[in-house]
Amino acid sequence: MTTANVFFWFVAGLLPLSAMAFLFASKKAEKLEVQFGRLQSRPGFFGWYAVIKLASPALLVGLVCSILNMIGWIHVPGEMLLATAFALGAGSLWLGLKHVKHDFRARQPVEKTMQMMLFIAAIISVLTTVGIVFSVLFESIRFFNIVPLWDFLTGTTWNPDTAFLIGSGMAEGGAVPEFGSLPIFAGTFMITIIAMMVAVPVGLFAAIYMSEYASDGLRTALKPTLEILAGIPTVVYGFFAAITISPLVVNIAESFGLHADFTNALAPGLIMGIMIIPFISSLSDDVIRAVPQPMRDASLALGMTRSETIRHIVLPAAMPGIVAAFLLAMSRAIGETMIVVMAAGLRPNLTANPLEGVTTVTVKIVEALTGDQEFDSAFTLAAFALGLVLLVITLCLNIASSIVVRKFRQRYE
Amino acid sequence: MNITPRLKRRYRADRRFKFYGMAAIAFALSFLAFFFIDIIGKAMPAFEQAYIEVPVTYSAAIKDNYNKAIPRSYRYLVSKSYLRTLPYELEAHPELLGQTKQRWALASHRVDQYIKGHQGHGLKKKYRGHVTAMYDDGHIEMRFNARFFSHGDSKMAENAGILAAAIGSILVLLITIAVAVPIGVMTAVYLEEFAPDNRFTQAIEVNINNLAAIPSILYGLLGLAIFINVMGVPRSSALAGGLTLALMTLPVIIISTRAALRSVPESIRDAAYGLGASNLQVVMHHVLPLAFPGILTGSIIGLAQAMGETAPLLIVGMMAYIPEAPSSILDATTVLPAQVYTWSSESIRAFEERTAAGILVLLTVLLSLNGFAVWLRSRTQKTW
């Protein structure tokens, strides 16, 4: 029996059993209600009580067995697992039905169980974080055992191909793989800066216009329209950047007599900037509107023009929120993958010229993990090390932005 | 002191400032318009496909070599995907043996691109005059490209379609819904209605906000390390992709569900408590039903986002060549965005318009999902 089959029969067996348990117990409780008058718990609670009694031992058995299988200590045959689980379930169902008496308080255990399930659900989000941190951390530690951390962070040559050759025993004499990630980070930051140079002025002025000048009707139409920009899948932007914008950039550069690569940094940067406009405009719009109206009124009453009020009163007051939006947008740009995978280059390049091809952290992660490489080669482990750095950077940006937002809230609420 | 010139300057600055705002909006909107026009313009040709009328000879030899069914001069013009169906047709209709019939066959992508007048069509010079003449005589026809919707991926551009990817997307989305929505709603209910206000609860809240901002590719690393390497879920299966996307969507659903729960007024809870309802009954019977439209809206938006996501799915291996729709959640699967990505890296010209057409389908689905969510929100929004 395959795992999938066992799982299917497990669920297919448990569901009708549970339905039966619910039906029997609640019917029994209804009869008791006729006999003894209104019970402490509604009959439905007796039903759920029986279901919990039935399902929990079976689920426990299933869980323990699957964990054992996963670790690989004992392989429990599927048939045995099913038989044990259902036998236990039937036994405890019988016990649960016996508990259904007129003076039994079924509601308390049911509510306890429900609360526990809710709590477990909440824990899953914590486990996700732990999972992300550990999955990148463990492989990164293995990587840093091969390549020193300092070399990784400060080296200026990224040449891992020889690692692959050594792994397959074909290394030519003297070739040493180099994992200097500086050119990769330089590329990431160049594209991010280009994106921010597009997104910040456009997003900020759009937010100012929407919150200070536009009528309510116009604003409710504009905001969702701008948010379409954030809803377009990044793979679509990537295609657009690679097929439409990159050749455009090359042509324009040539008309100025400049040479541009087809994988230039400008095209993905521009498109990424457009993608994050809504992040900046929506968040900034919210904080600008949160600035108290009396501040504007006071400034206007003193004879300031509208734009002077915005520049000298509203924007400084909203600045923390705008900075938070800026940081969030930046973390989005750094972690963005598909646009750069499709439109930026593969070759790490330490340059300041946006018309040359550069590569980014996310491109290198995708490159390392989508090939047919051995999972333990230094080449694939490097992807996890890059992922770790990416995680640390974005986490710092997020935390910084949430601290700034909290400061802003405290000031006006 | 003369105030007027300075005042004029200030007013000019004022008008300029307003103009910048309008220019920013105009820039974003015109990009949007340019983008859609460009994508639609690139996609439209893909919905037409050239068909070519050829004499097909059903000889016994085609069982071994289907190329022999048509004259040599046509072989380059007809799609192999049509020719390889001929032996099966003969098997099903043995009475055709030895006959020659005029048949409409799928034309090769080179003919198709040449007739559409695209650059890089790749049709050899010696065939061009012949193809033009056939087109003028009506032996080559442009028809609606139904294959694009009824076939999976193919190495032959003229035969490639989105069906397998669309079914894969639906499978992955179903898994994401089954995992992310219950867990997300339960988490939100716990945090909003049950959790004591202590440090642990605050830590969970901070953690969820951080999760929402983690780059999606890191969820791919998580899926690869935990689901595939530790739990043994098959690589590039719908299950691996669906679970990865579920974890990614979870924070979005939690945050929107919490907002929906918070918008249910306290008086409803108080009234229910006053009638003797327990904590759980208040939530299940009163708060959740009232918050349901908000939860639905948030979930749809989160799922639309998951449906357009590519990066984490590439990492869990969902960029394989999948010509057939997957039959189970453990089979190798591809999804619409991943199909778009694979096609976009093909060098054959006919794939470019298919990429754009795939994008158009994807965008239509996503925008209608989002539009539906917005409509739902505006319809069900209650002011208490």
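Small disclaimer: the values here were computed from a predicted structure and weren't measured. Residue numbering restarts at 1 for every chain, and letters A, B, ... go by the order of the sequence lines. Note: hydrogens, waters and symmetry copies are ignored here, and every other heavy atom, side chains too, is used.
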- Message: What part of A:F119 gets within 4.5 angstrom of chain B, counting heavy atoms only: side chain, backbone, both, or neither?
- Response: both
- Under 4.5 Å to a heavy atom of chain A? For B:I301 that would be neither
- Item | Chi angles and distances behind the side-chain contact (heavy atoms from CB on, under 4.5 Å) call for B:V206, A:I399 | CA-CA 9 Å; B:V206 171; A:I399 290 170; 6.0 Å; no
- Task: Could you tell me which portion of A:F45 (side chain, backbone, both or neither) has an atom closer than 4.5 angstrom to a non-hydrogen atom of chain B?
- Result: side chain
- Does a side-chain heavy-atom distance below 4.5 Å link B:E309 with A:M338? no
- Message: What part of A:L204 gets within 4.5 angstrom of chain B, counting heavy atoms only: side chain, backbone, both, or neither?
- Response: neither
- Please assess A:T244 against B:K42 for the test side-chain contact (heavy atoms from CB on, under 4.5 Å), listing each intermediate value before the final yes or no. CA-CA 10 Å; A:T244 307; B:K42 284 202 165 77; 3.0 Å; yes
- Query: Atom CZ of B:R15 and atom OG1 of A:T305: how far apart are they, to the nearest 0.5 Å?
  - Reply: 11.0 Å
- Interface residue of largest heavy-atom contact number with chain A, from B:I226, B:I214, B:V283, under 4.5 Å: B:I214
- Report yes or no: is the cationic atom of A:R311 (NZ for Lys, CZ for Arg) closer than 6.0 Å to the six-membered ring centre of B:F17, at no more than 45° off its axis? yes
- Note on the structure: Turns out that what part of B:L7 lies under 4.5 Å from chain A's heavy atoms comes down to neither
- Query: Given that the side chain runs from C-beta out, which part of B:A203 has a heavy atom under 4.5 Å from chain A: side chain, backbone, both or neither?
  - Reply: neither
- Note on the structure: Answer key: most heavy-atom pairs under 4.5 Å with chain A among B:A13, B:G308, B:A24, B:A23 is B:A24
- To the nearest 0.5 Å, how far apart are CZ in A:F240 and CG in B:D38? 5.0 Å
- Message: Tell me which of these, A:I232, A:I334, A:L226, has more heavy-atom pairs under 4.5 Å with chain B than the rest.
- Response: A:I232
- When heavy-atom pairs shorter than 4.5 Å are enumerated against chain A, which of B:Q281, B:M307, B:Q305 gives the highest number? B:Q281
- Note on the structure: Bottom line for A:V126: the part with an atom under 4.5 Å from chain B's heavy atoms is both
- Message: What verdict does the ring pair (Phe, Tyr, Trp, His ring centres under 6.0 Å) test give for A:Y209 and B:F19, after you've listed the backbone C-alpha separation in whole Å, the side-chain angles of each residue and the deciding distance to 0.1 Å?
- Response: CA-CA 9 Å; A:Y209 184 79; B:F19 171 76; over 10 Å; no
- Query: With side chains defined as the heavy atoms from C-beta onward, is the minimum distance between A:V236 and B:V340 less than 4.5 Å?
  - Reply: no
- Part of A:T225 within contact of chain B (heavy atom distance under 4.5 Å): both
- Please state whether the side chain, the backbone, both or neither of B:Y341 comes within less than 4.5 Å of a heavy atom of chain A. both
- Query: Do side-chain atoms of B:D14 reach the backbone of A:S307 as a donor and acceptor pair under 3.5 angstrom?
  - Reply: yes
- Task: State, to 0.1 Å, how close B:I217 and A:G335 come at their nearest heavy-atom pair, and which atoms those are.
- Result: CG2-O, 4.4 Å
- Specify which of A:T129, A:I208, A:T394 makes the most heavy-atom pairs with chain B at under 4.5 Å. A:T129
- Query: Does any non-hydrogen side-chain atom of A:L395 lie less than 4.5 Å from one of B:N210?
  - Reply: yes
- Message: Looking at chain A, which one of B:T310, B:L191, B:L362 has the largest number of heavy-atom pairs inside 4.5 Å, strictly under?
- Response: B:T310
- Message: Please classify the contact of A:I132 with chain B as side chain, backbone, both or neither, using a heavy-atom distance under 4.5 Å.
- Response: both
- Task: Could you tell me the separation between the CG atom of B:L224 and the OG atom of A:S135, rounded to the nearest 0.5 Å?
- Result: 8.5 Å
- Message: Is any side-chain heavy atom of B:L222 closer than 4.5 Å to one of A:F134?
- Response: no
- Task: Could you tell me which portion of B:F31 (side chain, backbone, both or neither) has an atom closer than 4.5 angstrom to a non-hydrogen atom of chain A?
- Result: side chain
- Tell me, side chain or backbone of A:V341 under 4.5 Å from chain B's heavy atoms, or both, or neither? side chain
- With a 4.5 angstrom heavy-atom cut-off, which part of B:L250 approaches chain A: side chain, backbone, both or neither? side chain
- Item | Nearest non-hydrogen partners of A:T337 and B:A311, listed with the distance | CB-CB, 3.6 Å
- Task: Measure B:I183 against the heavy atoms of chain A and call it side chain, backbone, both or neither at under 4.5 Å.
- Result: both
- Specify the closest pair of heavy atoms between B:G276 and A:R107, including all atoms of both residues, with the distance to one decimal. O-NH1, 4.3 Å
- Query: So which of A:L229, A:T234, A:I123 has the largest heavy-atom pair count under 4.5 angstrom toward chain B?
  - Reply: A:L229
- Message: If we define contacts as heavy-atom pairs under 4.5 Å, which of A:I274, A:V366, A:I228 has the most with chain B?
- Response: A:I274
- Message: What part of B:L314 gets within 4.5 angstrom of chain A, counting heavy atoms only: side chain, backbone, both, or neither?
- Response: both
- Determine, stepwise, if the pair A:I120 / B:Y190 fulfils side-chain contact (heavy atoms from CB on, under 4.5 Å). CA-CA 9 Å; A:I120 290 171; B:Y190 177 77; over 6 Å; no
- Residue selection (most heavy-atom pairs with chain B, distance under 4.5 Å) from A:R332, A:M114, A:E308, A:E336: A:E308
- Task: Check whether any side-chain heavy atom of A:F205 lies under 4.5 Å from a side-chain heavy atom of B:M22, and answer yes or no.
- Result: no
- Can you tell which part of A:I310 gets under 4.5 Å to a heavy atom of chain B, answering side chain, backbone, both or neither? side chain
- Query: Within a reach of under 6.0 Å around CH2 of B:W343, are more than 12 heavy atoms found that belong to other residues, nucleotides or ligands?
  - Reply: yes
- Applying a strict 4.5 Å limit to non-hydrogen atoms, the region of A:L391 in contact with chain B is both
- Contact part of A:L127 toward chain B, heavy-atom cut-off under 4.5 Å: side chain, backbone, both or neither? neither
- Does a side-chain heavy-atom distance below 4.5 Å link B:E193 with A:L118? no
- Message: Is any side-chain heavy atom of B:Y219 closer than 4.5 Å to one of A:T128?
- Response: yes
- Item | Side chain / backbone / both / neither for B:F200 at chain A, heavy atoms under 4.5 Å | side chain
- Task: Over all heavy atoms of both residues, which pair between A:F239 and B:E352 is shortest? Give the atoms and the distance, please.
- Result: CZ-O, 3.9 Å
- Query: What option among B:A188, B:S216, B:S344, B:A213 has the most heavy-atom pairs under 4.5 Å with chain A?
  - Reply: B:A213
- Message: Heavy-atom cut-off 4.5 Å, strictly under: side chain, backbone, both or neither for B:I39 against chain A?
- Response: side chain
- Task: Under 4.5 Å, counting heavy-atom pairs only, tell me which of B:L367, B:V374, B:T355 racks up the most with chain A.
- Result: B:T355
- Can you find a pair of side-chain heavy atoms, one from A:S125 and one from B:L211, that are under 4.5 Å apart? yes
- Message: If you compare all heavy atoms of A:G387 against all heavy atoms of B:L218, which two are closest, and at what distance to 0.1 Å?
- Response: O-CD2, 3.5 Å
- State the CG-CD distance between B:L221 and A:E139, to the nearest 0.5 angstrom. 9.5 Å
- Message: Could you report the tightest heavy-atom contact between B:L366 and A:P233, atom names first, then the distance?
- Response: CD1-CG, 3.2 Å
